[in-house]
Amino acid sequence: MQELTHFINGEHVKGTSGRFADVYNPSTGEIQAKVPLATVAEMDAAIAAAAEAQPAWAATNPQRRARVMMKFAALIEEHMDELSELVSREHGKTLPDGRGDVQRGLEVIEVCMGAPNMLKGEYMNDGGPGIDLYAMRQPLGVVAGITPFNFPAMIPLWKMGPALASGNAMILKPSERCPSTSLRLAELLKESGLPDGVLQVVNGDKEAVDTILDNETIQAVGFVGSTPIAQYIYGRACTNGKRAQCFGGAKNHMIIMPDADMDKAADALVGAGFGAAGERCMAISVAVPVGQKTADALIERLVPRIEKLKVGPYTAGADVDYGPVITAQAKDRINGLVNSGVEQGANLVVDGRDFSLQGYEDGFFVGPSLFDNVTPDMDIYQEEIFGPVLSTVRTETYEEALDLIMKNQYGNGTSIYTADGDTARDFANKVNVGMVGINFPIPVPLSYFTFGGWKKSAFGDLNQYGPDAFRFYTKTKTVTARWFSGIKDGGEFHFKQMD
Ligand code: NAD
C-alpha cells in the first residue's frame with residue numbers, strides 16, 4: 001500500500017500523526033493509497049516555515065517570480081499525460097476529462113506569467129500642489145488554499161498561481177480523496193525554481209483546516225468545496241480577521257426556449273449533466289423547458305442519448321463517457337436521492353440505480369438517471385445531487401423559468417438555449433447567477449476573466465483567478481508624498497568662482 005506524504009520545505013515528508021485517510025480507486029473500490037492527516041503541530045510548523053520563506057520570495061522582483069510561472073507552465077505541458085492520469089486514477093474521470101482538468105488550471109498559470117502587469121498599482125501625479133499619490137499592491141504574507149476532490153489539478157492551480165505570483169507563500173490543503181496531483185505539482189514548482197517553503201502541501205482533514213483558520217500567521221483563505229463547509233470556513237476565517245473567499249455548491253439550470261435548436265440543446269444537456277458523472281460545480285442538473293411541447297420534444301431527444309451513454313473506468317479508453325463517482329458513500333447518497341425523487345412523485349424516465357459493470361462490481365459506478373415533472377419542493381430539486389442525475393422542471397413561460405432560477409438558493413452557473421437574441425439578452429441581464437451561458441452549456445469563463453458564483457455558491461467579495469485573484473492576494477497601500485523645495489532651489493547650476 002502506497003503511503004503518501006506532505007510536501008514541506010521542498011521535500012516529501014512523512015506524516016507523524018498516525019492518522020490516515022484512505023485514497024480509493026473509484027473504478028474498483030480498492031484502497032490504492034493512504035494519505036497522512038496532519039496534526040495541529042505539523043500544520044503550525046509548516047505555516048511557520050512558510051512565514052520564514054515568504055519575505056525573500058516577496059522581495060524577488062515580480063518578473064523573476066513570473067519566470068517561475070513560465071517554467072511551471074512548460075513543465076505542466078511536458079507532464080500533461082502523467083498529470084491527467086494522476087487526476088483520473090484518484091478521481092475516476094475519463095482521461096480526456098482529466099486532461100481538461102489540468103488544461104484549465106494551466107491556463108490560469110499562463111495568465112500568472114503576466115502577473116507583474118497586475119501588480120503595478122496606481123499613480124497620480126500632482127494630486128495636490130507638489131503632492132503625488134501612489135498605491136502599491138503588496139503580498140499578504142502566508143495564505144492558504146483548501147480544495148475539493150472534483151478538480152484535483154485545476155483548483156489547486158487556480159489557488160497557487162495568483163497567490164505565489166503575487167509574492168505570497170501558500171499552504172495548500174488538497175482534498176484527502178485526491179491528494180497526489182497537488183504533491184506532483186509541488187515537485188514541478190520546485191523544479192521551476194520556486195524556493196523551498198514557499199508552497200507547502202499539507203494533507204489533512206477538519207483538524208488541519210481548523211488549524212489554518214485559527215493560526216494567526218495565515219492572512220487569507222481561499223476555499224472551494226460544498227456550501228455548508230464554505231459557509232463555516234468563511235465565518236471562522238472572518239471572525240479571526242482573515243481575508244476569505246469561499247466557493248460552494250451549485251444547482252445549475254438550463255432554460256430551453258421553444259425556438260431553441262432541440263438537438264443541440266439535448267446534446268449540450270447530456271454533456272453538461274452527465275460529464276464527469278455530474279461531479280462538477282458547473283454541471284447542469286436542472287433542465288427547464290418552456291412550454292409542454294418543448295418539454296416533450298426535449299425528453300424525446302434526451303432519452304436515447306442518455307441510454308447510449310457509456311459508463312466505465314478511465315482505463316477503458318476514449319470510448320467511455322463518464323466514470324465512477326468518488327466514494328461508495330457518494331454512490332449511496334445519489335441513489336438515495338433518486339429513490340426520494342420517485343417517492344415524492346417525479347417521473348423517473350431513465351433509471352440508473354441498478355447499474356453494474358462486469359469486472360468492476362465493487363466500483364462506485366452510478367448509471368445515468370433522467371427525471372421529468374420535477375417540482376421545486378422535491379429533495380432532488382432542493383439538494384445538490386453531485387451525480388449523473390438530470391431533473392426536468394416544466395414551465396409555461398420564460399418569466400416562470402427565470403423566476404425559478406432567481407428563487408433557487410444557489411447561483412453558480414446557468415444557461416439558456418434560444419434563437420432569440422432579445423430573450424437571451426434579457427436573461428443575461430436579469431438572472432442572479434454569476435456565470436451565464438447563451439447557447440453554451442458550461443460557461444466557465446476563460447482564465448483572463450474571473451470565476452465565481454452568487455448567492456449560496458460563494459461567500460466573500462472577489463472571484464477566483466483573473467484580475468480579482470490578484471486583488472484578493474494583495475493588499476493596497478496608498479502613499480501620499482510631498483518633497484519640499486530645497487535641494488532644487490538651493491542648487492547652483494554654474495561653475496563656482498574659486499576665491
Ligand atoms: P467538501 O466541502 O467536502 O471538501 C472540500 C474541502 O474541505 C476538502 O479539502 C476537505 O478536506 C475540507 N473539509 C471537509 N469537511 C470539512 C469540515 N467539516 N471542516 C473543515 N474542512 C472540511 O467538498 P468536496 O466533496 O471535496 O467537493 C465537492 C463540492 O465542491 C461540491 O459541492 C461542488 O459543487 C463544490 N465545488 C464548488 C466549486 C466552485 O467553484 N463553486 C468548484 C468545485 C467544486
Side-chain angles (χ1 to χ4, degrees), residues 4-7 12 23-27 32-33 35 68-113 144-165 170-192 194 199-203 222-225 247 275-277 279-283 314-315 322-326 442 444-447 451 464-466 469:
L4 300 175
T5 59
H6 308 294
F7 192 85
H12 286 279
V23 180
Y24 286 90
N25 175 342
S27 299
Q32 56 177 323
V35 60
V68 172
M69 293 292 141
M70 286 179 207
K71 184 82 197 290
F72 187 37
L75 285 176
I76 293 172
E77 289 261 31
E78 195 183 316
H79 293 272
M80 180 61 85
D81 290 343
E82 177 204 342
L83 288 165
S84 316
E85 208 271 337
L86 208 47
V87 166
S88 298
R89 199 192 308 162
E90 289 184 351
H91 178 283
K93 60 178 77 176
T94 64
L95 277 178
D97 210 26
R99 206 181 168 85
D101 191 324
V102 180
Q103 177 63 32
R104 292 308 289 262
L106 168 61
E107 288 167 12
V108 168
I109 302 301
E110 286 168 350
V111 168
C112 292
M113 295 174 183
I146 301 165
T147 56
F149 81 83
N150 69 323
F151 283 101
M154 182 181 85
I155 296 179
L157 287 166
W158 288 4
K159 297 286 160 221
M160 55 174 91
L164 300 177
M170 171 166 260
I171 305 293
L172 178 68
K173 205 300 288 169
S175 168
E176 59 273 44
R177 296 178 214 151
C178 301
S180 294
T181 312
S182 289
L183 291 166
R184 184 70 184 115
L185 289 170
E187 288 177 347
L188 295 180
L189 259 175
K190 181 182 166 93
E191 201 180 325
S192 310
L194 188 78
L199 176 74
Q200 315 272 53
V201 180
V202 186
N203 286 300
F223 171 87
V224 181
F247 299 92
E279 290 178 324
R280 288 181 184 140
C281 65
M282 289 292 277
Y314 78 91
T315 43
Y322 74 83
V325 298
I326 189 69
I442 306 187
V444 175
L446 286 171
S447 50
F451 181 107
Q464 306 188 80
Y465 65 75

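Owing to the predicted nature of the structure, the values given are computational and were not obtained by experimental measurement. Excluded from the calculations below are hydrogen atoms, water molecules and symmetry mates; all remaining heavy atoms, backbone and side chain alike, are included.
Taking OG of Ser84 as the start and CG of Leu95 as the end, the distance is 7.0 Å to the nearest 0.5 Å. With values rounded to the nearest 0.5 angstrom, Leu75 atom CG is found 11.5 Å from Glu187 atom CD. Note that the CD atom of Gln32 and the CD atom of Glu90 stand 5.5 Å from one another [nearest 0.5 Å]. Note that the CZ atom of Arg99 and the CG atom of Leu83 stand 10.5 Å from one another [nearest 0.5 Å]. To the nearest 0.5 Å, the span separating CD on Gln103 from CD on Glu110 amounts to 6.5 Å. Here CE of Met70 is found 12.5 Å from CD1 of Ile109. Values are rounded to the nearest 0.5 Å.
In this structure the side chain of Pro152 never reaches within 4.5 angstrom of the side chain of Arg177, judged on heavy atoms. Contact of the Leu185 side chain with the Phe72 side chain is registered, since non-hydrogen atoms from C-beta on lie closer than 4.5 Å. Residues Val325 and His91 form no side-chain contact, since every pair of their non-hydrogen atoms from C-beta on lies 4.5 Å or further apart. Ile76 has its side chain within reach of Leu157: a pair of non-hydrogen atoms, C-beta onward, lies under 4.5 Å apart. Two residues are said to be in side-chain contact when any heavy atoms from C-beta on lie closer than 4.5 Å; Tyr24 and Pro324 fail this criterion. In this structure, the side chains of Val87 and Met154 stay at 4.5 Å or more apart for every pair of heavy atoms. Two residues are said to be in side-chain contact when any heavy atoms from C-beta on lie closer than 4.5 Å; Cys178 and Ile326 meet this criterion. Between Arg280 and Phe151 the shortest side-chain heavy-atom distance falls below 4.5 Å.
The shortest non-hydrogen separation linking Gly161 to Cys112 is C-SG, 3.3 Å. Phe247 and Phe451 make their closest contact through CE2-O, 4.0 Å (heavy atoms, listed as atom of the first residue, atom of the second, distance). Ala153 approaches Thr181 most closely through the heavy-atom pair CB-CG2, 3.8 Å. In this structure, Pro174 and Val202 approach most closely via the heavy-atom pair CD-O, 3.8 Å. Contact between Gly98 and Ser88 at its shortest, heavy atoms only, is CA-OG, 4.0 Å. Considering all non-hydrogen atoms of both residues, Leu86 and Ser180 come closest at CD2-O, 3.8 Å.
Using modelled atom types, no side-chain atom of Ser192 and backbone atom of Leu194 make a donor-acceptor pair closer than 3.5 Å. In terms of modelled atom types and a separation under 3.5 Å, the side chain of Tyr465 and the main chain of Pro445 share a donor-acceptor contact. Between the side chain of Asn203 and the main chain of Thr5, a donor-acceptor pair closer than 3.5 Å is present. A side-chain donor-acceptor contact under 3.5 Å links Asn150 to the backbone of Glu279. Here the side chain of Arg104 pairs a donor or acceptor atom with the backbone of Val444 at under 3.5 angstrom. Proximity of a side-chain donor or acceptor of Thr94 to a complementary backbone N or O of Tyr314 within less than 3.5 Å is not detected. A distance-only check finds no donor-acceptor pair linking the side chain of Lys190 to the backbone of Leu199 [under 3.5 Å].
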Stepwise side chain to side chain contact (heavy atoms under 4.5 Å, CB included) test for Met69 and Leu164: CA-CA 9 Å; Met69 293 292 141; Leu164 300 177; 3.8 Å; yes
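Between Phe7 and His12, the two ring planes are perpendicular [angle over 60°; tilted spans 30° to 60°].
A cation-pi arrangement, defined by a distance under 6.0 Å to the six-membered ring centre and an angle within 45 degrees of its axis, is absent between Lys173 and Phe223.
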